[in-house]
There are 2 protein chains.
Amino acid sequence: MDLQRYKDKIMSMLKMLLETDMKEYIQLVSLKKNDFLVKEGEVCHYYYFVLEGILRNYYIKNGTEITTNFDFPNDIAANFTSLMLQQKSIGCIQAMTDCKIYRMKASDFDKIKAKNPSMQQIKEILISGYVILLEERLYSLQFCTAAERYHFMMEEYPYFIQQIPLTYIASYLGISLETLSRIRAKY
Amino acid sequence: MDLQRYKDKIMSMLKMLLETDMKEYIQLVSLKKNDFLVKEGEVCHYYYFVLEGILRNYYIKNGTEITTNFDFPNDIAANFTSLMLQQKSIGCIQAMTDCKIYRMKASDFDKIKAKNPSMQQIKEILISGYVILLEERLYSLQFCTAAERYHFMMEEYPYFIQQIPLTYIASYLGISLETLSRIRAKY
DNA sequence: CACATCATTTGATATATGTCAAATAAATCG
DNA sequence: CGATTTATTTGACATATATCAAATGATGTG
């Protein structure tokens with residue numbers, strides 16, 4: 001079972017919920033470009049399901065923005081650590097384009113879970129999907145060169161390059177903008 | 001709520017279980033130095049709770065061992081991706097010293113969960129703890145220099161350095177043995 | 001369209017880290 | 001204890017990547 005099938009499963013579950021009386025727990029949110037979905041220092045209370053648009057996850061270190069992830073349609077956007085631990089979020093999530101997003105409060109999610117045990121499985125899938133993502137990124141950062149990481153990204157997420165400025169991609173890959181540019185030139 | 005409190009919570013829950021009839025699901029495993037707890041290519045079916053000893057998680061890339069984690073007493077050892085997805089494990093877990101370990105089969109864990117809903121919370125804590133660990137490592141790999149990563153490790157896990165050969169620590173930090181040695185010399 | 005702004009590329013150089021080889025130091029074992 | 005193996009350090013050099021500066025290209029706006 002790979003990540004894509006997870007996402008499909010979660011999205012189809014979401015659509016099912018929207019046809020039941022659980023839909024009261026789900027809200028549609030619209031964001032303009034550059035609006036924030038989650039801000040640094042706030043607790044992230046929601047799971048967000050991206051319908052349209054692209055978002056960027058980043059945080060500030062020594063005055064520099066460090067990009068940790070991008071969220072595309074059908075992705076789940078959230079600061080998981082903040083959500084799971086009810087801690088203030090270290091990072092923020094910002095819309096790179098206008099977005100349409102469903103959101104569900106984590107506490108409501110748990111209410112639904114109590115009524116509908118199959119939601120427990122969905123929650124585990126949500127978290128598992130995130131773990132897979134983290135492990136993948138960890139692996140690639142610990143043991144791959146900048147060029148390998150770039151090519152891996154191009155394999156797995158070819159749509160990144162079409163819609164995201166190179167500055168953000170460089171930061172996401174953990175390399176400088178110039179190095180990224182040179183890797184691309186050689187390719 | 002930090003990682004240490006998680007571990008304490010999980011361990012105390014484990015001890016509680018051992019005093020109920022759930023204890024039939026928990027087995028004590030003894031390992032000799034260099035024995036494997038999980039082997040590459042096998043599915044990881046158990047959660048392991050380390051009582052005594054130290055284990056190393058690693059996998060092979062291009063003929064080289066890549067160390068991804070160490071497990072000390074009170075840690076939960078498992079290949080989570082393998083466990084959660086019931087996939088063959090990419091890495092293995094090997095005892096660096098003689099070990100005593102409790103294990104519980106993931107499927108039994110789910111049985112217990114059905115009887116005892118508070119176990120659900122424990123499962124989420126287990127996974128959350130792992131997520132926190134991954135994020136921490138990701139952060140340090142993506143944006144810190146080798147020296148910063150070393151010092152961070154010394155802050156967070158000072159006992160690593162006392163009991164683990166530098167070769168493994170270097171691999172864990174994603175740097176060469178020689179670089180690690182030089183960082184330590186400057187310190 | 002022309003200007004201003006932002007994004008990307010290119011060049012020159014500095015720095016961090018890796019690699020290979022050798023020297024020490026420490027641990028293990030008969 | 002002495003011999004052998006294993007772990008760690010040190011040196012010389014190669015390579016990858018960062019940094020700074022400038023040039024070029026693309027995009028948006030009045």
Side-chain angles (χ1 to χ4, degrees), chain A residues 32-35 53-54 56 58 60-67 70 94-98 137-154 158-187, chain B residues 32-35 53-54 56 58 60-67 70 94-98 137-154 158-187:
Chain A
K32 288 281 166 206
K33 184 173 175 174
N34 295 327
D35 284 353
I54 306 174
R56 181 169 72 100
Y58 68 92
I60 311 280
K61 190 199 172 188
N62 303 336
T64 327
E65 288 183 2
I66 304 284
T67 298
F70 303 106
Q94 188 176 21
M96 292 177 56
T97 66
D98 293 358
R137 277 174 59 59
L138 196 53
Y139 167 90
S140 99
L141 279 167
Q142 191 171 5
F143 311 112
C144 299
T145 63
E148 284 172 337
R149 293 203 295 278
Y150 172 73
H151 294 308
F152 179 78
M153 185 200 74
M154 289 299 279
Y159 47 90
F160 276 18
I161 207 72
Q162 291 146 21
Q163 292 161 280
I164 302 171
L166 293 186
T167 324
Y168 297 152
I169 294 200
S171 170
Y172 170 78
L173 291 174
I175 58 182
S176 72
L177 175 61
E178 296 90 335
T179 298
L180 177 57
S181 178
R182 289 183 179 109
I183 288 168
R184 284 163 57 75
K186 264 187 229 162
Y187 188 30
Chain B
K32 288 280 165 206
K33 183 174 176 174
N34 295 328
D35 284 353
I54 306 173
R56 181 169 71 101
Y58 69 92
I60 310 279
K61 190 199 172 190
N62 304 336
T64 325
E65 289 181 2
I66 305 285
T67 298
F70 303 106
Q94 188 177 20
M96 292 178 56
T97 65
D98 294 356
R137 279 174 58 58
L138 196 54
Y139 167 89
S140 100
L141 280 167
Q142 190 171 4
F143 311 113
C144 299
T145 63
E148 284 171 338
R149 294 202 295 279
Y150 172 73
H151 293 308
F152 179 77
M153 184 199 75
M154 291 299 280
Y159 46 91
F160 276 18
I161 207 71
Q162 292 147 20
Q163 291 160 281
I164 301 171
L166 293 186
T167 324
Y168 297 151
I169 293 199
S171 169
Y172 170 78
L173 293 173
I175 58 181
S176 73
L177 175 60
E178 294 91 336
T179 298
L180 177 56
S181 178
R182 289 185 179 109
I183 288 169
R184 283 163 58 75
K186 262 186 230 161
Y187 187 30

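Residue numbering restarts at 1 for every chain, and letters A, B, ... go by the order of the sequence lines.
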NZ/NE/NH1/NH2 to OD/OE distance under 4.0 Å, A/Lys32 and A/Asp98: yes
First encountered from the 5' end of DNA chain C, between B/Lys33 and B/Ala147: B/Ala147
Grab the [atom1]-[atom2] distance between [X] and [N] for me, whole Å please.
| X | N | atom1 | atom2 | value |
| --- | --- | --- | --- | --- |
| A/Lys186 | D/dA16 | NZ | C1' | 9 Å |
| A/Ile169 | C/dA7 | CD1 | P | 13 Å |
| A/Leu173 | D/dA16 | CG | P | 17 Å |
| A/Tyr150 | C/dT8 | OH | C1' | 13 Å |
| A/Arg184 | C/dA7 | CZ | P | 15 Å |
| A/Ile183 | C/dT8 | CD1 | P | 15 Å |
| A/Leu141 | D/dT17 | CG | P | 12 Å |
| B/Ile161 | D/dT8 | CD1 | C1' | 12 Å |

Nearest to the side chain of [X], heavy atoms from C-beta on, is which of [options]?
| X | options | answer |
| --- | --- | --- |
| B/Leu166 | C/dT8, D/dT8, C/dT19 | D/dT8 |
| A/Arg182 | D/dT9, C/dT17, C/dT10 | C/dT10 |
| A/Glu178 | D/dT17, C/dT10, D/dT8 | C/dT10 |
| B/Ser181 | D/dT10, C/dT9, C/dT19 | D/dT10 |

Check: B/Tyr58 main-chain N/O paired with B/Thr67 side-chain donor or acceptor under 3.5 Å: no
Cation-pi, A/Tyr172 ring and A/Arg137 (6.0 angstrom, 45 degrees): yes
Ring-face cation of B/Arg184 near B/Tyr150 (centre distance under 6.0 Å, axis angle within 45°): no
OP1 or OP2 of C/dG18 under 4.0 Å from side-chain N/O of B/Thr179: yes
Sugar-phosphate only, base, or nothing, as touched by B/Leu177 at under 4.0 Å among non-hydrogen atoms: base
Side chains of B/Ser140 and B/Arg149, donor plus acceptor under 3.5 Å: no
